[in-house]
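Input: a single structure, listed below in structure tokens.
Proteins get letters first, then strands, A, B, ... in listed order; numbering begins at 1 in each. Only a predicted model underlies this, so the values are computations on that prediction, with no experimental measurement involved.
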Amino acid sequence: MSNRVEPICSVKGTRDLLPPDTNLWQRVEAEAHRVFAAYHYGEIRTPILEETALFARSVGADTDIVMKEMYTFRDRDEESLTLRPEATASVVRAYLEHSLYNQGGIHKLYYVGPMFRRERPQKGRYRQFYQIGAEVLGSQSPLVDVEVLEMLVLFLERVGIREYQLLLNSVGCPKCRPEYLDVLRQALENVKPTMCADCQRRAETNPLRVLDCKVEADQPIIEKLPKIIDHLDPECRQHFDCVTSGLQARGLAYQVTPRLVRGLDYYTRTTFEITSGALGAQNAVVGGGRYDGLSEMLGGPPTPGIGFSIGQDRLILAVQAAAVLKSEAPLAAYVVWMGEAALAPASRLVRELRAQGLSVEIDYDPMKIKKAMGVANKLQARFAIIIGEGELAGGRYQVKDMTTGEQQELSPGAIASFLKGKF
RNA sequence: GUGGGUGUAGCUCAGCUGGUAGAGCGCCAGACUGUGGAUCUGGACGUCGCGGGUUCGAAUCCCGUCACCCACCCCA
């Protein structure tokens with residue numbers, strides 16, 4: 001008798017991804033590799049662990065992410081390390097660390113991997129979540145913004161996402177944003193008392209967040225508040241206009257959303273978000289924008305940048321809702337053998353087929369044919385290959401099409417090419 | 001960090017006002033000893049999340065606790 005031991009579960013907000021779901025994850029990632037490569041992006045892989053200061057300096061010391069959501073700990077030598085809550089800071093850090101700016105030109109990089117934020121989990125929100133993101137460093141052209149969005153839209157359509165909205169805004173730059181904030185604060189002074197409690201608080205702590213309020217009664221008030229896109233300086237205004245006209249020229253639909261305010265400090269000018277229905281409250285699938293000052297914040301030379309990150313967990317939810325891609329990993333054949341004498345030839349055939357890249361399964365425990373055919377069916381094998389005494393004697397194996405029920409005899413050497421013709 | 005909901009078989013869930021557990025699906029076996037998907041028959045499987053309390057008796061009532069889910073917040 002064994003003593004009962006406490007089972008160990010995955011920690012809160014983390015989860016195991018299992019087949020067949022992982023097949024869908026792989027296909028989404030494969031599509032990202034294809035699309036991004038077509039736009040001439042190269043993959044970057046940065047450490048998951050970074051010095052804490054990297055995020056404090058880039059994301060912003062008084063953002064929610066840095067203040068209360070990071071997994072931060074002291075290493076054995078007392079250094080403060082953090083599990084990355086996002087990847088843009090790491091990408092820029094790597095860009096500077098390897099002096100890529102000295103190579104001239106622009107750098108287009110993308111990444112896929114896990115991020116960590118210690119929030120209360122809910123639908124589409126996990127403590128370990130996955131992002132697929134891309135960054136362009138070294139260009140301040142608004143047409144790069146347009147191209148980034150074009151690539152994003154192509155990717156989403158490739159994975160079967162149709163119902164989405166591209167929300168677009170500009171948050172100005174360190175020159176014009178403070179001026180806007182003054183205007184906004186002044187405007188809020190008058191209407192603040194009529195707004196919800198949260199907004200009254202936000203009006204003090206973070207006026208931009210007021211714009212994001214979802215309380216119905218506050219909407220008419222918010223409508224009348226000054227919009228940042230009406231207070232951009234000439235350069236920012238021109239940049240924004242170039243982005244919108246560029247999107248129009250390429251037939252990309254967008255919606256200017258004055259309320260769209262990104263939560264990270266490093267954003268400048270263009271910001272955007274892509275939302276999808278069927279996602280619950282956490283409906284942002286993609287967030288991104290321009291961050292022209294980030295390099296300097298991290299001690300590098302002035303280097304404009306723009307990027308986005310896709311919430312892969314949320315994307316998968318949306319893909320599943322759209323039901324275009326399904327989780328499936330087709331099995332080409334299941335090999336049924338009867339009698340000890342058939343096992344070795346069956347194993348040889350399986351090895352040959354697999355070496356040809358065909359997905360093939362075999363069980364090594366003896367089974368009655370009825371049972372074995374049941375297994376072939378359960379595994380959804382496209383073909384069952386039957387090898388028994390008669391087949392060994394005749395040198396030809398039975399190959400049964402499990403979808404039609406048709407069966408034919410083939411010599412062992414002919415099976416591989418026959419199957420390959422079917423896939 | 002705050003609120004609400006849910007924890008019963010591998011999965012989805014039923015179990016009324018307390019009398020110590022059920023269905024469907026799945027799984028195993030047989031009907032059908034070299035051919036799956038259909039049907040029928042039989043079978044295995046539960047610390048009723050965990051701990052405590054009330055009670056002759058708790059899956060059921062009470063308290064606590066943990067986990068998951070959803071929402072707030074924030075964001076991907």
Report which part of the nucleic acid [X] touches: base, sugar-phosphate, or nothing (heavy-atom distance under 4.0 Å, all strands).
X        : value
A/Gly124 : base
A/Ile310 : nothing
A/Tyr130 : nothing
A/Val286 : sugar-phosphate
A/Glu389 : base
A/Gln128 : nothing

Measuring from the side chain of [X] (C-beta onward, heavy atoms only), which nucleotide among [options] has the closest atom?
X        : options             : value
A/Gln398 : B/C75, B/C28, B/U35 : B/U35
A/Ile386 : B/U35, B/C28, B/G1  : B/U35
A/Lys371 : B/C74, B/C28, B/A67 : B/C28
A/Gln122 : B/C75, B/C70, B/C68 : B/C70
A/Ile369 : B/C27, B/A76, B/G34 : B/G34

[N] [atom2] sits how many Å from [X] [atom1], rounded?
X        : N     : atom1 : atom2 : value
A/Asn377 : B/U35 : CG    : P     : 15 Å
A/Arg15  : B/A67 : CZ    : C1'   : 17 Å
A/Ile8   : B/C50 : CD1   : C1'   : 17 Å
A/Leu211 : B/C75 : CG    : P     : 13 Å
A/Lys12  : B/G49 : NZ    : C1'   : 14 Å
A/Asp64  : B/C72 : CG    : C1'   : 13 Å
A/Met367 : B/C28 : CE    : P     : 10 Å
A/Arg84  : B/A76 : CZ    : C1'   : 13 Å

* Short side-chain N/O contact to B/A76 OP1/OP2 from A/Gln131, under 4.0 Å ->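 No, A/Gln131 has no side-chain N/O under 4.0 Å of OP1/OP2 on B/A76.
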Do the side chain of [X] and the base of [N] come within less than 3.5 angstrom through a donor-acceptor pair of N or O atoms?
X        : N     : answer
A/Lys400 : B/G36 : yes
A/Glu69  : B/G1  : no
A/Glu119 : B/A76 : yes
A/Lys370 : B/C32 : yes
A/Glu86  : B/C75 : no
A/Arg120 : B/C70 : no
A/Arg125 : B/C73 : yes

Identified pairing partner of [N], criterion: Watson-Crick or G-U wobble below 3.5 Å:
N     : result
B/A23 : B/U12
B/G7  : B/C66
B/U60 : none
B/C40 : B/G30
B/G1  : B/C72
B/U55 : none

How far does the [atom1] atom of [N] sit from the matching atom of [M], given to the nearest Å?
N     : M     : atom1 : value
B/C66 : B/A76 : P     : 30 Å
B/U12 : B/C50 : C1'   : 24 Å
B/G18 : B/C13 : P     : 26 Å
B/G49 : B/U60 : C1'   : 16 Å
B/A44 : B/A29 : C1'   : 10 Å

Check the angle between the aromatic planes of [X] and [Y] and answer parallel, tilted or perpendicular using the 30° and 60° thresholds.
X        : Y        : result
A/Phe36  : A/Phe308 : perpendicular
A/Tyr180 : A/His231 : tilted
A/Tyr291 : A/Tyr266 : perpendicular

* To do: Using the side-chain contact (heavy atoms from CB on, under 4.5 Å) rule, pick out the option among A/Ile310, A/Ile132, A/Val28 that qualifies with A/Val112.
  =>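 Per the side-chain contact (heavy atoms from CB on, under 4.5 Å) rule, the option paired with A/Val112 is A/Ile132, out of A/Ile310, A/Ile132, A/Val28.
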* A/Thr14 or A/Gly287, whichever maps to the more 5' nucleotide of RNA chain B ->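 The residue whose closest nucleotide sits nearer the 5' end is A/Thr14.
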* Of A/Met373 and A/Lys123, whose nearest nucleotide on RNA chain B comes first from the 5' end? ->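 The residue mapped nearer the 5' terminus is A/Met373.
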* To do: Check the side chains of A/Thr72 and A/Thr82 for a donor-acceptor pair under 3.5 angstrom, ignoring hydrogens and angles.
  => yes
* So A/Tyr397 and A/Gln408, side-chain hydrogen bond (donor to acceptor under 3.5 Å, both in side chains) or not? Walk me through it. -> CA-CA 8 Å; A/Tyr397 301 164; A/Gln408 61 184 307; over 6 Å; no
* Taking the six-membered ring for Trp, is the centroid-to-centroid distance between A/Phe383 and A/Tyr334 below 6.0 Å? ->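 Centroid separation for A/Phe383 and A/Tyr334: 6.0 Å or greater.
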* Decide if atom CD of A/Gln380 counts as having more than 12 heavy atoms of other residues, nucleotides or ligands within a radius under 6.0 Å. =>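 No - once you tally the heavy atoms of other residues, nucleotides and ligands closer than 6.0 Å, there are 12 at most.
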